Amino acid sequence: MKVGFKLLAEGFGPREIVEQAVRAERAGFDFVEVSDHFHPWLEEQGHSGYVWSMLAAMAERTERIGLATGVTCPIIRQHPAMVAQAAATTALLSEGRFTLGVGSGERLNEHVVGMGWPSVTTRHEMLREAIEIIRLLWSGGYRSYEGKHLDLEDARVFDLPERSPEIVVAAGGERAAALAAELGDGLFATEADDTLTGTYKRKGGTGPTYGEVPLAWASDDGAALASAREQFRFGLTGWKVQSELPNPVNFAAATETVREEDMAEAFGYGPDPERHVAAVRGFVDAGFDHLCLINAGPDPEGFFRFFEEELSGPVRALGA
């Protein structure tokens, strides 16, 4: 089992995100994921740095820790050819420590280029084509591709790593989990749902299964839950809402009635390590073997110390 840390690029500026990656390596995490957004979910978050610039800086500032996108959408705002080039470069800069997480995206980020927002069925078709294009370009040489939705014309990525990065595919339902098994090297999910891992394995998936574990550390319960509500209440809307709303103002309206009590049901929170371990255990029991811990609390450094001193041992024991 691997334990990672989620870098919330919507909640912190680019320099702070890079510093958190350095700190996560020092704290003993195995990998970090960084989100790839154009907009934050909520105005209170207030940030949204460019993921590839931050990953390049992380690659130079760290030595051991794995780096991953959590996740990139390679179908509208970014053409898969550009993602293939960016991922290959990041793999070279990090000397093989990079994993490409991909998904079918959210309207929040993709609508900005004015190409509309397709149905979920179309998005999955586009994601399939995007993965095929990325792998084609990673195979070397000049390549062309003519798909139903995406095309590639006489393109070559010149700087390629000796070993291509793994592609981990995000799934919010069984259809996407089956796609992850067919075309991906692993599964990525945000819910402790064993139907996702079960579908992935039943359809032939044998790679790592990444799950994002929602936690909020603070020295008292009230501060933890207040921060979780302010920064992460969008997460309670469910994937069908998260993928469809266009701007932070819409998420503000959709989450107006979310209470701190609701956050308490969804998060491990406060100073008690047992609450956090229980949240992690839910993902382990659902079949995830790469656990990415989110801290929605107000004190990143406090969370790193908490992990080092109280959480790391019990969490790693769950995978023993």
Side-chain angles (χ1 to χ4, degrees), residues 4-21 23-24 27 29 32-51 54 69-71 106-109 170 189-192 211-239 241-272 275-276 279-280 282-283 291-307 311:
F5 179 71
K6 182 62 180 278
L7 299 165
L8 297 173
E10 305 89 343
F12 301 92
R15 285 188 175 275
E16 175 61 20
I17 289 294
V18 174
E19 291 300 330
Q20 287 186 20
R23 182 67 178 90
F29 284 99
V32 291
E33 291 176 8
V34 59
S35 44
D36 179 5
H37 272 227
F38 191 87
H39 289 149
W41 298 99
L42 299 162
E43 292 286 351
E44 291 96 323
Q45 292 177 320
H47 296 280
S48 197
Y50 187 53
V51 68
M54 293 185 287
T69 49
V71 295
E106 306 97 13
R107 174 176 269 172
L108 176 71
N109 303 301
T190 59
E191 296 179 85
E212 290 191 348
V213 185
L215 307 175
W217 182 87
S219 57
D220 66 84
D221 292 349
L225 290 175
S227 178
R229 185 192 179 281
E230 179 186 67
Q231 296 291 322
F232 226 84
R233 63 188 185 275
F234 70 88
L236 272 62
T237 60
W239 188 245
V241 174
Q242 290 180 48
S243 64
E244 297 297 334
L245 298 184
N247 282 302
V249 65
N250 304 107
F251 280 97
T255 58
E256 187 176 357
T257 60
V258 173
R259 306 165 302 164
E260 291 182 10
E261 295 93 323
D262 302 317
M263 305 307 296
E265 294 179 5
F267 277 68
Y269 65 92
D272 184 356
R275 283 206 196 105
H276 296 262
V280 174
F283 281 82
L291 309 174
C292 190
L293 309 187
I294 295 170
N295 176 40
D299 179 6
E301 177 55 32
F303 179 81
F304 285 125
R305 291 196 303 269
F306 174 64
F307 178 79
L311 194 58

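Remember, it's a predicted structure, so these values are computed and weren't measured experimentally.
Inter-residue side-chain proximity for L311 and V280 is flagged as unmet; no heavy-atom pair is nearer than 4.5 Å. Proximity of N295 to F306: side-chain heavy atoms (C-beta onward) are nowhere separated by under 4.5 Å. The closest side-chain heavy-atom distance from R233 to E44 is below 4.5 Å. P248 has its side chain within reach of L108: a pair of non-hydrogen atoms, C-beta onward, lies under 4.5 Å apart.
A donor-acceptor pair under 3.5 Å is absent between the side-chain atoms of S35 and the main chain of L8, judged by distance alone. Remark: side-chain polar atoms of R229 are not paired, donor with acceptor, to backbone N or O of E260 under 3.5 angstrom. Between the D220 side chain and the G222 main chain, a donor and an acceptor come within less than 3.5 Å of each other.
No more than 12 heavy atoms of other residues, nucleotides or ligands sit less than 6.0 Å from atom CZ of F38.
Relative orientation of the F29 and F303 rings is parallel, given thresholds of 30° and 60° on the angle between their planes.
Across all non-hydrogen atoms, the minimal contact from T255 to F234 is CG2-CA, 3.9 Å. For the residue pair E106 and N109, the shortest heavy atom distance occurs at OE1-ND2, 2.7 Å.
Across Q231, H37, H47, Q45, a single residue satisfies side chain to side chain donor-acceptor pair (under 3.5 Å) together with E10, and that is H37. Each of F304, W217, F307 was compared with F5 under the ring-ring contact (aromatic ring centres under 6.0 Å, His included) criterion, and only F304 meets it.
A salt bridge is defined here as a Lys NZ or Arg NE, NH1 or NH2 lying under 4.0 Å from an Asp or Glu carboxylate O, and R15 with E19 fails to meet this definition.
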